[in-house]
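Notes for the one structure printed next.
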Amino acid sequence: RVSAGERRVVPVEELMEHVVVKEAGLRREEVVALKLYTGPMFCLYNAVLRGFPSAMVERLMGNTYTTTIYCIVSGIIKLSRVMRLPEDRMVYRGLG
């Protein structure tokens with residue numbers, strides 16, 4: 001078992017069958033990249049994109065995850081074309 005507690009790790013093959021994934025036309029690579037982004041890899045990808053924190057950037061030893069970040073962006077763009085926020089939903093974004 002991969003998961004602990006109530007959390008269930010959904011296999012990529014199962015995600016590929018999701019109606020939104022099919023409607024958006026996501027490729028397997030995009031699904032894998034988005035799945036990685038929702039886990040601990042988020043910290044590394046954000047360190048690359050922000051150049052901060054410097055200690056984490058140094059540990060990357062020049063790895064910029066170019067292909068993975070490209071797949072994440074591509075997947076988000078495709079998903080944004082088929083998903084809409086509810087009219088009553090407020091989105092907050094930090095500017096600092």
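Note on V82: it does not cluster hydrophobically with L85, by side-chain heavy-atom contacts below 4.5 Å among ILVMFWY residues. Residues V32 and M16 share a hydrophobic cluster, clusters being chains of Ile/Leu/Val/Met/Phe/Trp/Tyr side chains in contact below 4.5 Å. Hydrophobic clustering of Ile, Leu, Val, Met, Phe, Trp and Tyr side chains at less than 4.5 Å, counting indirect connections, keeps Y70 apart from L79.
Nearest heavy atom pair, residue V31 against residue V21, reads CG2-CG1, 3.9 Å. Between L44 and L60, the shortest heavy-atom distance links the atoms CD2-CD2, 3.7 Å. L36 approaches M41 most closely through the heavy-atom pair O-CB, 3.5 Å. Closest approach of F52 to V57, counting heavy atoms only: N-CG2, 3.6 Å. Between K78 and R27 the shortest heavy-atom distance is NZ-CG, 4.2 Å. Contact detail for Y45 and T68: the closest heavy-atom pair is OH-CG2, 3.2 Å.
No side-chain heavy atom of L15 sits less than 4.5 Å from a side-chain heavy atom of L34. Contact check for E13 versus R28: side-chain heavy atoms found under the 4.5 Å cut-off.
The line from OH of Y65 to CD1 of I72 is 11.0 Å long, rounded to the nearest 0.5 Å. Taking CG of L26 as the start and CD1 of I76 as the end, the distance is 10.5 Å to the nearest 0.5 Å.
For S74 (side chain) and C71 (main-chain N/O), no donor-acceptor pair under 3.5 Å exists by modelled atom type. Between the side chain of E14 and the backbone N or O of P11 there is no donor-acceptor pair closer than 3.5 Å.
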